[in-house]
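For reference, the structure discussed in these notes is given below.
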Amino acid sequence: MIETLDIKTTKTQHSRLAETDFDNLPFGKHFADHMFVADYADGEWKNFEIVPYGPIDMSPAISALHYGQAFFEGMKAYKHADGTVTIFRPDKNAKRFNKSAERLCMPELPEDIFVQSIAALVDLDRDWVPSQANHALYIRPFMFATDPYLGVTPSATYKFMVLICPVGPYFSKTLRVKIEDYYTRAAEGGMGYAKAAGNYGAGMLPAKKAVEEGFDQLIWTDGKEHAYIEEMGAANAMFVLDGKVITPSTRDTILDGVTRDTVLALAREWGYPVEERRVSVAEIIDGAKNGKLQDAFGAGTAATIAPVGSITYDGEEYFLSDPKTREFSQRVLKELDAIKYGAKADTHGWNYVV
Ligand SMILES: *Cc1c(COP(=O)(O)O)cnc(C)c1O
């Protein structure tokens with residue numbers, strides 16, 4: 001445990017805060033004034049710096065560009081009515097950051113350095129945390145290889161950086177989803193559990209095809225049989241089937257989501273039966289047919305809860321109930337908003353106060 005991280009801070013001379021329209025904040029397009037940068041070389045992390053947000057210099061030969069030695073994290077900071085700024089469960093992201101690093105032969109970043117660097121950056125740019133309802137500051141930590149070398153071997157040098165973006169409300173429109181039975185997001189033995197950059201590039205073509213067919217999102221199935229549900233786009237898939245909260249168990253093809261974990265914790269507290277196990281396409285489609293599928297949603301940091309309106313499988317579209325009438329996902333959404341924005345006491349220790 002380090003005491004406090006020694007961070008060199010260079011403040012911007014031209015804040016963009018006043019010219020940023022906080023009532024029009026598309027996701028990931030507006031960056032706060034500063035960013036965090038650190039270097040890994042000679043077996044250690046060093047040069048912890050906060051600098052004005054802007055381009056960086058790098059070799060075109062870095063393995064991040066050629067072989068995908070790159071991964072990221074995503075979380076949010078919220079402003080409470082009394083001005084307090086909190087980050088939701090950054091300790092979970094710190095742990096997952098290192099799981100991704102290990103899978104990609106990249107160096108571990110001590111958890112306290114991860115959390116402290118983010119807290120220092122958010123603290124400096126705390127005026128960038130929006131105060132309007134349902135707005136937040138999106139936090140994007142990432143790491144990438146920086147050796148100027150084309151050999152297919154792990155780099156010896158890396159950069160850890162953090163970008164922050166004020167973001168508006170995520171309009172969680174009811175999703176028309178399709179169960180994907182050709183493409184796969186992740187294979188056993190692969191890197192689906194890592195937030196590896198390459199996983200998202202690989203998902204773009206299937207997602208684009210689904211959009212062309214009129215869908216909003218894909219439900220990924222397993223790579224072997226396409227018989228089991230894995231995830232929904234870049235969110236975890238969750239269902240309420242016959243009164244039970246059901247979600248695919250985490251394994252090497254599934255990203256261990258912080259939102260997923262949080263939803264399951266609340267479900268257990270509220271006394272719902274919870275099942276983390278393999279979830280077959282057949283039981284979900286049967287449930288949609290016989291009315292036992294009471295709820296279906298994607299769980300992730302961006303939307304929190306993204307309700308599914310209909311599921312298409314084998315050319316047949318199955319419609320679910322109106323999301324506003326669903327007991328479980330509505331209750332989760334309300335509870336999580338209350339905790340994140342400080343309207344309700346944080347009895348779980350989920351809010352990290354900046
Ligand atoms: C980020 C992500 C999630 C959601 O994780 P959270 O920690 O809840 O934001 C789920 N699936 C995939 C593939 C992801 O990349």
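Since the model is a prediction, treat every value here as computed from it, not as a measurement.
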What pairs with Phe114 under ring pair (Phe, Tyr, Trp, His ring centres under 6.0 Å), at least two apart in sequence or on another chain?
Phe97
Check whether Ile305 and Met232 end up in the same hydrophobic cluster, where Ile, Leu, Val, Met, Phe, Trp and Tyr are linked by side-chain heavy atoms less than 4.5 Å apart.
no
Only pairs under 3.5 Å count here: list side-chain donor-acceptor contacts from residues 22-34, not counting sequence neighbours, and write none if there are none.
unit_1, atom_1, unit_2, atom_2, d
Asp23, OD1, Gln132, NE2, 3.2
Asp33, OD1, Arg16, N, 2.9
Asp33, OD2, Ser15, OG, 2.6
Asp33, OD2, Trp128, NE1, 3.3
His34, ND1, Asp125, OD1, 2.9
His34, ND1, Asp125, OD2, 3.4
His34, NE2, Thr12, N, 3.0

Tested for ring pair (Phe, Tyr, Trp, His ring centres under 6.0 Å) against Phe36, the lone hit among Phe160, Trp45, Tyr53, Phe142 is Phe160
Does Asp256 come within less than 4.0 Å of Lys95, counting only side-chain N to carboxylate O?
no
Please identify each residue that fulfils salt bridge (Lys or Arg N to Asp or Glu O under 4.0 Å) with Glu108, with sequence neighbours left out.
none
Sequence neighbours excluded - ring pair (Phe, Tyr, Trp, His ring centres under 6.0 Å) pairs with any residue from residues 335-354
Tyr78-Tyr341, Phe88-Trp350, His348-Trp350
In Å, rounded to the nearest 0.5 Å, how long is the span from OG1 of Thr9 to CG of Leu121?
9.0 Å
Hey, could you give me each pair passing ring pair (Phe, Tyr, Trp, His ring centres under 6.0 Å) that has a residue in residues 259-299? Not counting sequence neighbours.
Tyr272-Phe328
Among Ile, Leu, Val, Met, Phe, Trp and Tyr joined by side-chain contacts under 4.5 Å, find the other residues sharing a cluster with Leu150 and list them by chain and number.
Tyr67, Val152
Using the side-chain contact (heavy atoms from CB on, under 4.5 Å) criterion, which residues pair with His80? Sequence neighbours excluded.
Asp82, Thr84, Thr86, Asn351
Under the rule for side-chain contact (heavy atoms from CB on, under 4.5 Å), what residues qualify as partners of Asp39, not counting sequence neighbours?
Asn47, Lys159
Side chains of residues 183-197: which donor-acceptor pairs under 3.5 Å do they make with residues two or more places apart or in other chains?
unit_1, atom_1, unit_2, atom_2, d
Tyr183, OH, Lys209, NZ, 3.0
Arg185, NH2, Gly192, O, 2.7
Arg185, NH2, Glu231, OE2, 2.9
Arg185, NH2, Thr253, O, 3.3
Glu188, OE1, Lys224, NZ, 3.4
Glu188, OE2, Arg251, NH2, 3.4

Applying ring pair (Phe, Tyr, Trp, His ring centres under 6.0 Å) to Phe72 and not counting sequence neighbours gives Tyr200
Any pair with a residue in residues 232-269 that passes ring pair (Phe, Tyr, Trp, His ring centres under 6.0 Å), sequence neighbours left out, goes on the list, sorted by first then second residue, please.
none
Can you list everything that forms a ring pair (Phe, Tyr, Trp, His ring centres under 6.0 Å) with Tyr318? Sequence neighbours excluded, please.
none
In the single-linkage hydrophobic clustering (I, L, V, M, F, W, Y; side-chain heavy atoms under 4.5 Å), do Phe71 and Tyr40 co-cluster?
yes
